[in-house]
Number of protein chains: 2
Amino acid sequence: MSHHKVISLETIRIACRNCSLSSLCLPMGLAPDDVERLDEIVKRTRPLHRGDFLFRDGDRFRSLYVVKTGSVKTFAPSPEGGEQVLGFHLPGEVIGLDAIDKDIHACSAKVLETSAICEVPFTRLEELTATIPSLQHQMYRLLSKEIGHDTDMLLLLGKKNAEERLAAFLLSLSKRLHKRGLSATDFYLSMSRHEIGNYLGLAVETVSRLFTRFQDDGLMNVDRKHIQLLDVDTLESLVGGAGQNRRQQQQS
Amino acid sequence: MSHHKVISLETIRIACRNCSLSSLCLPMGLAPDDVERLDEIVKRTRPLHRGDFLFRDGDRFRSLYVVKTGSVKTFAPSPEGGEQVLGFHLPGEVIGLDAIDKDIHACSAKVLETSAICEVPFTRLEELTATIPSLQHQMYRLLSKEIGHDTDMLLLLGKKNAEERLAAFLLSLSKRLHKRGLSATDFYLSMSRHEIGNYLGLAVETVSRLFTRFQDDGLMNVDRKHIQLLDVDTLESLVGGAGQNRRQQQQS
DNA sequence: ACCGTCGCTTGATCTGGATCAAGCGAAGAT
DNA sequence: ATCTTCGCTTGATCCAGATCAAGCGACGGT
């Protein structure tokens, strides 16, 4: 039996070189030999389930985590005891980059559905990047990409109304799923309305009403967690702030 | 006369090792020899003036920029033609990290007052970090710190009201100026009310009214651009969301 | 010294989205 | 199979902060 177990685990624990995410994940652009070296330091844990934590705010920072399958949300505590959802993470996305600076996690990461996660001990990764220039570059890009994403969110929270925010959220999900070989127009939400609202700086009720409105307007179908985008073009135009007579933005 | 000019420029172009910012800036934690190597790739331009650009969105990414003296704002265009102020940058702070990923600047950087800027060509920096582990680590920390800062802003824009936002802004400025050896309670704003509002996701009028209110409440003195913080403790408590009967936050 | 512009303030009004309230149906518990 | 809880929806009301409007005073330019 223990023999069987080893075999089945080996089946689950796909090496980086065979992982379908290698074009999105850390190995992106690496030579095969370098992928092997990276592969050696990656720990592949058993599948985690809804509600499990990868880490909690306040934990010592040791590793980066990469979603292999499933999805994860990260969220930071706010002083009053509430929390701010910082992101929803899909396969190939790296989690924990914000903790490198202080060596302590400032946010928590919670698994939204049964997920496989790769753990990359950071100290060992850092040693590796020092000897593999292309991996170092990939790390810089990864960190920079995260900043760029946060910047997009700042613009969204600072300048966009509820409709624009939800449309942007749906299209972002759609594009990211599509990159992973899934449908861009037909997918399931692994997060609750509440989590979406928190993420977008909106109340649950507003999110719910907008789903209803988008459906009434023929932009999408919503059935519980099941989403079908029917009119991506119009959704795109909503994001652009084509919200009718939006007055000229503050030019500072 | 040209002789005089050369001398005066040399006076301005302080080497990293003599720069008072070395404890905040890239050289932080480097061995003296390594600081010299870094110093060799840094370009020190002549002082820039209010309104000058370090780069504009769409520009090819070539260098990081570090504020030596003065201040800089970064801002991203929003689809509708407006803009979102992303940050105000003080001496020692590094600008341009978000452009590493796409190799194109997605935001612009504009000088708010006469400022000295160091330019660090990124390709050369990358070569250097590959051979100086402590510099590589410093780069990771720098990028990570930027993510952490953006995260703080997401929480601010997503969960805090106008009062909390302005208090947080003032205290952030205060702390950062203090770290640079300046007064934590008495300083000048190099940015306009409009820029503050844009940054904080508020209308100019709201910013103006809050300044007036904070002054009436004895928390600070405001005279044009001149700020004096009188009651830092109360300002701190405002940020914490002690805004009276704030209801329990959404727990997603 | 004068003028025009621009940044800032203050007051009045409006509104998008939060909050409050009430039900409904699905999924998990016993 | 039934209960209970929880997530979601929908309606009614409220309010923080945006928008509109009007002046004022500082500063740069001539």
Side-chain angles (χ1 to χ4, degrees), chain A residues 49-51 73 80 82 85 112-113 156-167 188-216 220-227 238 241 243-252, chain B residues 49-51 73 82 85 112-114 156-167 188-216 220-227 238 241 243-252:
Chain A
H49 301 96
R50 176 167 183 79
K73 78 160 175 175
E80 307 85 62
V85 173
L112 289 171
E113 61 190 313
L156 183 139
L157 291 178
K159 295 278 174 293
K160 294 190 182 298
N161 65 25
E163 184 180 80
E164 293 164 343
R165 292 182 197 191
L166 190 63
Y188 282 82
L189 299 175
S190 59
M191 71 294 290
S192 70
R193 303 286 195 269
H194 201 120
E195 288 166 325
I196 296 172
N198 186 314
Y199 178 59
L200 297 176
L202 301 172
V204 203
E205 294 93 328
T206 304
V207 174
S208 180
R209 277 186 250 272
L210 282 170
F211 272 139
T212 305
R213 174 137 63 90
F214 283 175
Q215 186 164 43
D216 291 348
M220 61 188 296
N221 278 332
V222 189
D223 174 34
R224 280 308 250 176
K225 305 267 188 193
H226 182 203
I227 300 292
L238 285 184
Q244 266 75 266
N245 47 6
R246 168 165 285 273
R247 49 201 82 273
Q248 79 274 11
Q249 289 292 116
Q250 12 181 354
Q251 294 287 353
S252 57
Chain B
H49 301 97
R50 175 169 182 78
K73 78 160 174 175
V85 173
L112 288 171
E113 61 190 314
T114 302
L156 183 139
L157 291 177
K159 295 277 174 295
K160 293 190 184 296
N161 65 25
E163 185 180 78
E164 294 164 341
R165 292 181 197 191
L166 191 63
Y188 281 82
L189 300 175
S190 59
M191 70 294 289
S192 69
R193 303 286 194 271
H194 201 121
E195 287 166 326
I196 295 171
N198 185 314
Y199 177 59
L200 297 176
L202 301 172
V204 203
E205 294 93 329
T206 304
V207 174
S208 181
R209 277 186 251 271
L210 283 171
F211 272 138
T212 305
R213 174 137 63 91
F214 283 174
Q215 186 164 41
D216 291 347
M220 61 188 297
N221 277 333
V222 188
D223 175 33
R224 276 314 245 175
K225 305 267 188 193
H226 183 201
I227 301 291
L238 285 184
Q244 266 73 265
N245 48 3
R246 167 166 285 274
R247 54 200 77 271
Q248 79 275 12
Q249 288 293 116
Q250 12 182 352
Q251 294 287 354
S252 55

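Residue numbers begin at 1 in each chain, while the letters A, B, ... track the order of the sequences. Bear in mind that the values here come from a model prediction, so they are computed numbers and not experimental data.
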How many whole angstroms separate atom [atom1] of [X] from atom [atom2] of [N]?
X	N	atom1	atom2	result
B/Q215	C/dC8	CD	P	15 Å
A/N161	D/dG17	CG	P	17 Å
A/L157	D/dG17	CG	C1'	17 Å
A/E164	C/dG17	CD	P	9 Å
A/R165	C/dG16	CZ	C1'	11 Å
A/H194	D/dT9	NE2	C1'	15 Å
A/K160	C/dG16	NZ	C1'	17 Å
A/L210	C/dG17	CG	P	8 Å

Smallest separation among heavy atoms of [X] and [Y], with atom names:
X	Y	value
A/A162	A/T206	CB-CG2, 3.9 Å
A/K159	A/E164	O-OE1, 4.2 Å
A/A167	A/L238	CB-CB, 4.1 Å

Rounded distance [0.5 Å steps], [atom1] in [X] versus [atom2] in [Y]:
X	Y	atom1	atom2	result
A/L157	A/R165	CG	CZ	5.5 Å
B/L166	B/L200	CG	CG	6.5 Å
A/M220	A/H226	CE	NE2	10.0 Å
A/D223	A/Y188	CG	OH	7.5 Å
B/I196	B/S208	CD1	OG	10.5 Å
A/Q215	A/L210	CD	CG	12.5 Å

Review point. Of the candidate nucleotides D/dA18, D/dT9, D/dG17, which contains the atom at the shortest distance from the side chain of A/R193?
Key: D/dT9
Review point. Out of C/dG17, C/dG7, D/dA18, which nucleotide sits closest to the side chain of B/S192?
Key: C/dG7
Dump every N/O contact between nucleotides 23-29 of chain D and the protein below 3.5 Å, one line per pair.
none

Exercise for review: Return yes if some donor-acceptor pair links the side-chain N/O of A/K225 with the main-chain N/O of A/M191 below 3.5 Å, else return no.
Suggested key: yes
Review point. Think A/K225 has a side-chain N or O under 4.0 angstrom from the OP1 or OP2 of C/dA26?
Key: no
Using atom names, set out every protein N or O paired with an N or O of nucleotides 10-13 of chain C below 3.5 Å, distance rounded to 0.1 Å.
residue : atom : partner : partner atom : Å
C/dT10  : OP2  : B/T212  : OG1          : 2.6
C/dG11  : N7   : B/R209  : NH1          : 2.9
C/dG11  : O6   : B/R209  : NH2          : 3.4
C/dA12  : N6   : B/R209  : NH2          : 3.3

Check your understanding: Can A/H194 and A/V207 be said to form a side chain to side chain contact (heavy atoms under 4.5 Å, CB included), step by step?
Key -> CA-CA 8 Å; A/H194 201 120; A/V207 174; over 6 Å; no
**Study point:** Helix axis bend for the helix from C/dA1-D/dT30 to C/dT30-D/dA1 - C1'-based end axes, five pairs, 10° rounding
**Key:** 50°
